[in-house]
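Sequence lines set the chain letters: A, B, ... in the order given, protein chains first and strands last, and positions in each chain run from 1. Excluded from the calculations below are hydrogen atoms, water molecules and symmetry mates; all remaining heavy atoms, backbone and side chain alike, are included. Quantities reported herein were computed from a predicted structural model and do not represent experimental measurements.
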Amino acid sequence: MSIWEYANPKKFMQTSAWVLPWITGLAVATLLAGLFWGFFLTPDDYKQGSTVKIIYLHVPSAMMGIGAWFMMLAASLIWLIRRHHVSALAAKAAAPVGTTFTLIGLVTGAIWGEPMWGTWWAWDPRLTSFLILFLFYLGYMALWGAIEDADTAADLTSVLCLVGSVFAFLSRYAVYFWTQGLHQAQSLGVVGGDRVSNVYAAPLLLCIAGFILLFVTLVLLRTRTEIRARRISALLARERRAA
Amino acid sequence: MIALLLRDLRLATRAGGGFGLGLAFFLMVAVLVPLGVGPEAATLSRIAPGILWVGALLACLLSLDRLFALDFEDGSLDLLATAPIPLEGMVAVKGLAHWLVTGLPLTAISPVLGLLMHLAPAGYPWLVLALALGTPALSMIGAFGAALTVGLKRGGLLMSLLVLPMYVPTLIFGADLVTRGAQGQATTTPLLFLAAVTLGSAAVLPFAAAQALRMNLR
Amino acid sequence: MIALLLRDLRLATRAGGGFGLGLAFFLMVAVLVPLGVGPEAATLSRIAPGILWVGALLACLLSLDRLFALDFEDGSLDLLATAPIPLEGMVAVKGLAHWLVTGLPLTAISPVLGLLMHLAPAGYPWLVLALALGTPALSMIGAFGAALTVGLKRGGLLMSLLVLPMYVPTLIFGADLVTRGAQGQATTTPLLFLAAVTLGSAAVLPFAAAQALRMNLR
Amino acid sequence: MNLQVVDLAVARGGVAVLAAVNFRLDAGRALILRGPNGLGKTTLLRTVAGLQPPLAGEVRVPEDQMAYAAHADGLKSTLTVAENLGFWASVFGTGSAEAALAAMNLTGLRDRRAADLSAGQKRRLGLARLLVTGRRFWCLDEPTVSLDTASVALFAGVLRAHLAEGGAALIATHIDLGLPEAALLDLTPFRAPLSGPAGAFDEAFS
Amino acid sequence: MNLQVVDLAVARGGVAVLAAVNFRLDAGRALILRGPNGLGKTTLLRTVAGLQPPLAGEVRVPEDQMAYAAHADGLKSTLTVAENLGFWASVFGTGSAEAALAAMNLTGLRDRRAADLSAGQKRRLGLARLLVTGRRFWCLDEPTVSLDTASVALFAGVLRAHLAEGGAALIATHIDLGLPEAALLDLTPFRAPLSGPAGAFDEAFS
Amino acid sequence: MMPDLGRYATTVLSAYAASVILILGLVALTLWQGARMKRRLAEIEARAKGLAE
Ligand code: HEM
Ligand SMILES: Nc1ncnc2c1ncn2[C@@H]1O[C@H](COP(=O)(O)OP(=O)(O)OP(=O)(O)O)[C@@H](O)[C@H]1O
Ligand SMILES: Nc1ncnc2c1ncn2[C@@H]1O[C@H](COP(=O)(O)OP(=O)(O)OP(=O)(O)O)[C@@H](O)[C@H]1O
Ligand SMILES: [Mg+2]
Ligand SMILES: [Mg+2]
C-alpha cells in the first residue's frame, strides 16, 4: 500500500477520525504540562525578571508560524505534481492556523518588547521578516476566498505559495541586509547573550512539542471540514442540476 | 509578438489608455507626502529615497491592475490563448509593454521629484540608476500578480495585497542603493542584489504567470 | 435606497468584493514606508501622522476605483438611471456603502499601524478621531471623481489624478490635527476645518456627482 | 396613456443616424422596429428611454413609466438569480420577485450565481427584470438574442400577458418573435440624410 | 485531416453537463450543434477549442488548426476596425486584413473606432477575425447573434467559401444559418446523467 | 500557588491572556465550522438519498 492512499478523501477521513482523539489528548496534555511547568515552576531570569515566562508562548508560536508555511509549501507542491485533493485542502486548512500562530508570535513579541526594549515594535530584521510572512498569509487566504471554482483556487494558491516562498526568502535576506537587530540570535535559548539554562529549556521543549501537536490537531480537524465542504458543494451542484 | 507589443503600446497611448497617469500618480505621492509630513527640508531629504521608491512602486501597481483584466473581459485572452503565440511570450511582452509605459517614464522624471523631496545632490544619479534597474522587476512581479487575479471583478486591490509583499526585496535594495548613494557610501552590494532580483524575476516569472493564466482560463 | 445599500454591502462582502482589501493596503503602506525610509524610530515617529493619512487616502482611492464602473460596465447604471430612485440619493448611498466598507474599518485599525510607525502615545486618540471625521469626506469626494470617470476604461488612474488634488484639504487638516495632538498642542482649528470639509462634501457632492453621471450616460 | 414620438432625430457619436421618425404606441400594443445593422435602432431606443437627449423632435411619454432592457443585462455575477432580481424588485418597490422568476422559468435556478448561468439563462434573467419594474412601457433592444425557440415562445407569452394588462412594448429585433399582432415599423426610410445637420455644434456653424 | 470527438464528457462549475459525445468533422464539412439554453454547447465548444480540459474522453484535432469565436468578440474599443483586424492578422502571421474586411462588408468602416460600431457591426468584425487566422477548423458559438438577415446571408457565403477551400466548422446556434448542406447534431440526448460522477472530487469521496 | 511575577505581572499575564484568547478563538472557530459542515452534509446527504429513491 502506498502512502498516497491517504490522499484519498475517504481513506483520509477514516484514518484521521481514528487518529484525532489520541492526538488531541496528547496535544492538550503536552501543552498544559509545558505551560504549567514554565509558568509555575521556573524561576525568574536575573535580567528579564518574570518576563522570561513569555518565552514558552513566543518561541513555539513563532516557530510554528514559520513551520506552517513550510507545510503549506509541501502540500502545494504535492497538489501541483500529483493532484491529490486532500493535500490542496490541507494547505487551505493550515493557513488560518499558521496565521494565528504568527499573530501570537507578533503579539507576545510586542508585549515582551515593551519592558525589554522599551518599545512595542522595532524594525528589527527578525520582526520585519516575520511581519512580511504575516502579509503573505493574508494574501494567500484572500486569494483562496476570492476564487469561486475550488480546483482553480487550489491551483492558483499553490502557485502563489511557491512563488511567494521564494520572495519571502528573498525578503528575509534583504531585511537582514537592511538593518541590524535587537532581537535574540538563532539557536534555542540564547537569552540576554547567555545560553538558556536547562531550567528554561526543558519546559520550552515541551511547549514546542505541544504547539506542534496542536497544529497537527487543528489542521486535521480543518482539513476534515474542508473535505466536507467540498463534498457539500459537489452534492449541491448535482442537486441544482436535478432541479 | 511584436504585433502584441505594438498593440499594447498603442492602446496605452490612445485616449483613456492610462499613459502618463502612472507618472501623474508618482508626482502626486511626491507632492502629498510633504503636505502630510510638513515642509522641513532636513526631514524630507532624509526620507526622500524611501518615499520616492514607495511612490514608484504604488504607481506601477496601480497601472498594473488591468494588465490582463481588460483582455480577459472582452474575450481577447481566450483568443490569444488559442493563437500561435506561447503564453509565456505573451506575458513577457505585456510586462515589457507595461514597463515601457510606466517604469521608463517614471525613471525619466524621477530627478524632478527628487528636487521636490529635497534629495541630496549626490543621490540623483543613483536614483535614476536604481529605478532603471528596479522597475522592470516591479512590472514582472506585477504581471504575475495580475495573472493570478485576472478572473476576479475588483481584483485590483486583491492584487495589491498579493504583489506588495513581493515588492519588498526590490524596495529595500532600491531605496538602500539611493540612500547610500546620496550619502556617498559604498553601493556595490545593493546594486548587485537589485540587478539579481530583476534578472531572476524576468527569467522565472513569465512561466509562473503563464501557468496562472492557463489555470484562470479554464 | 436601503435595497441599494444592502446590495452594495453584500457585493462588497461576497467573494472578490474587496472588503478588507482597503485595510490590507493601508497596512501595506505602513509597512513599506519604514522599509523604504529605514528603521530609526525618531524619523518614523516624526513622519507617522502624515504617512498614515497618505496611506488612508490611497487605500480609499484604490477601492473607489470601481464604485460606479462595475455598474456601468454591466449595464446596471443605465437601469438604475431609469429606476424611481433619484440619482443623487443613489450616489449618497453608494458613498455611504463605500465608507462603511473602507473608511470605518480603516479608522478602527489605525492605532495598530500607529504602533508600527512609532506614533507618539498622545497621538492615538487624535489619529482615530481625525480618521473618523475625515474619511467620509474621502468617500464622497471619491464618489464624485468616480462619477466623472465612469465611462472610461482604465479610468482608475485618471480618477486618482482628479481626486487627489481634491483630497489635499482633508489631508492637510487631518494630518495637522494628528501632529498637533501627538505633540500636545491646540487642536481646535484643524478639527473645525476637517469637520467643515466633511460636512460640505456630504452636502454638495452628491448633486455634482449625480449630474456627472447623467452626462456620462448620454 | 400612450407614447408619442414626434419628428425625432437621434445622433450617435455626433452624427445624426435617424431623422423625422414619427410613431405612436398605445397601451396594449407592441411595435417592432426593424432595419439593417447599424441603422440606429439602439440609438433610437436609448433616446426614447431618456438615456440620451434627442437631436431634434421630442418623445412624449408619461413620467416614470418606461423600462429599458439593453444588450447588457445589468447582472451582478456574484449575486444569485434571486438576489439579482430581488434587488430590482425593491428598487422599483414592487415587492416580491417570485412571480417573475416563475414567469421566465427561472425558479429552478434561483440560488445559482449569475456567473454560472449560460448565455440564454442570463438573458432570461435580464428579461425577468422587466416584470418586477411594474412599468407600462417596455423598450427592448434585441430581447431574444441567445434564446432558444422554447424560450422565445415563453417570452412572447410574457409579452402578450403584459400587453393584455394594458402595457406596451417597443422592440428592436432581427429575429421573428412570434407576435403576429404586433405592428411593424421599418426604420430604413428614416435614415438621416448625409447632408443634414450633424449635431448642435455643426448647426451652430452654418 | 479531421476533427474527432471521442466519448467526450465536459463539465462546468465542477458539474458534468454533457457526456459520451461522439462525432467526427471532416474537412469541407460543417456541423451545427443544437440544443436548448443551458445544455452545455458553450462548454463543449470551449473544450474542443482546448480552453478547458475534458472531464473524460478526448478531442483529436490537428495541432494549431483551431480558431475559436465566442460570445465576446475580443475587440479593443479604442482601436479602429482596421487596427483590430490587423493585430490578429499579424498575431496569426497571415499578412493583410484587407480581404477579410471586404468579405465581411466592413471596408467602409475601416477607420471607425470599434466603440462606435453598432452591435451587428461589432459582430461582423468579430467574424472577420476568423478569416485572418488562416486556420482550418472554426469553432463558432452563436456567430450570428445581432446580425440582420443580409449579414447572416453574407456570413453564410463566407462560411461556404471556407468549406469549399477544405475548411471545416463546428457551430452552436439557435438561429437558422441558411446552410442546408450542414449536418445537424442535437445534443439533447447527451445530457449528462444525473447520477453520474459530478466531478473528480465527488468520485474520490464515495 | 500563583507565582510572584513582580513588576512585570501585567506584561506576562497580558501575553498569556492574548495567546490563550487567540488559540481558544481558533479552536472554537475550527470546532464550530466543523460541526456546521457536518450538520449540513448530513442534511444534504439525507436529501440526496430521498431524491434517489
Ligand atoms: C513583535 C516582536 C517580536 C517578534 C515578531 C518576534 C519574532 C520572533 C521569531 C520569528 C522568532 C524565531 C522563531 C524561530 O526561528 O524558531 C523568535 C524567536 C525568539 N524571540 Fe522573538 N520576536 C519578538 C520580540 C521578542 C522579544 C521582545 C524577545 C525577548 C526579549 C524575544 C525573544 C525571543 C527568543 C528568546 C527567541 C528564540 C530564539 C531562537 O532560539 O531562535 N522576541 N521571535
Ligand atoms: N462616432 C461615430 N461616428 C459616426 N458614426 C457612428 C459613431 N458612433 C456610432 N456610429 C454609427 O451609428 C450607427 C447607429 O448605431 P446603433 O447601435 O444605433 O445601430 P443599430 O440599429 O442598433 O444596429 P444593430 O442592429 O447592429 O444593433 C451605426 O451605424 C454606427 O456605426
Ligand atoms: N457552478 C455551476 N454549477 C452548476 N451548474 C452550472 C454551474 N455553472 C454553469 N452551470 C450550468 O452549466 C450549463 C452549461 O452552460 P453553457 O453555457 O455551456 O450552456 P449553452 O448550451 O451554451 O447555453 P446557451 O444556449 O444559453 O448559451 C448551464 O445549464 C449552466 O447553468
Ligand atoms: Mg443595436
Ligand atoms: Mg452558450
Side-chain angles (χ1 to χ4, degrees), chain A residues 92 96 99 102-103 106-114 117-150 152-153 156-157 167-168 170-183 229 233, chain C residues 10-48 51-52 55 59 62-63 65-66 70 101-102 105-106 109-124 127 182:
Chain A
K92 182 182 185 187
T99 312
T102 308
L103 194 60
L106 282 170
V107 169
T108 51
I111 293 175
W112 200 355
E114 206 272 325
W117 306 333
T119 174
W120 299 90
W121 179 260
W123 290 95
D124 161 280
R126 239 329 158 48
L127 277 61
T128 308
S129 51
F130 207 52
L131 183 63
I132 294 168
L133 177 67
F134 184 64
L135 296 179
F136 273 110
Y137 272 119
L138 290 186
Y140 179 85
M141 291 196 299
L143 191 62
W144 263 111
I147 303 169
E148 205 62 28
D149 182 71
T152 311
L156 291 173
T157 50
F167 277 92
L170 257 177
S171 307
R172 203 184 127 90
Y173 281 92
V175 162
Y176 272 92
F177 158 80
W178 167 71
T179 170
Q180 276 71 48
L182 296 160
H183 197 279
S233 63
Chain C
R10 193 182 277 157
L11 279 174
T13 46
R14 258 326 130 79
F19 177 75
L21 291 171
L23 272 188
F25 189 81
F26 191 31
L27 184 69
M28 292 292 162
V29 170
V31 172
L32 289 181
V33 166
L35 287 180
V37 165
E40 291 86 28
T43 319
L44 288 177
S45 104
R46 168 79 197 69
I47 63 175
I51 298 293
L52 287 176
L62 274 183
S63 46
D65 179 6
R66 322 226 72 209
L70 286 179
V101 175
T102 57
L106 224 114
I109 65 149
S110 59
V112 179
L113 305 191
L115 211 64
L116 286 183
M117 294 287 301
H118 293 288
L119 183 69
Y124 288 91
L127 178 65

OG1 of A:Thr119 to CG of C:Leu115: how many Å apart, nearest 0.5 Å?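 Atom-to-atom, A:Thr119:OG1 and C:Leu115:CG are 7.0 Å apart.
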C:Leu27 CG to A:Leu131 CG distance, which is reported to the nearest 0.5 Å: 6.5 Å
For C:Leu35, which atoms come within 4.5 Å of any heavy atom of chain A: side chain, backbone, both, or neither? both
Output the option from A:Ile132, A:Leu138, A:Leu135 having the highest count of non-hydrogen pairs under 4.5 Å with chain C. A:Leu135
What are the two closest non-hydrogen atoms of A:Trp121 and C:His118, and how far apart are they?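 For A:Trp121 and C:His118, the tightest heavy-atom pair comes out as O-CE1, 2.6 Å.
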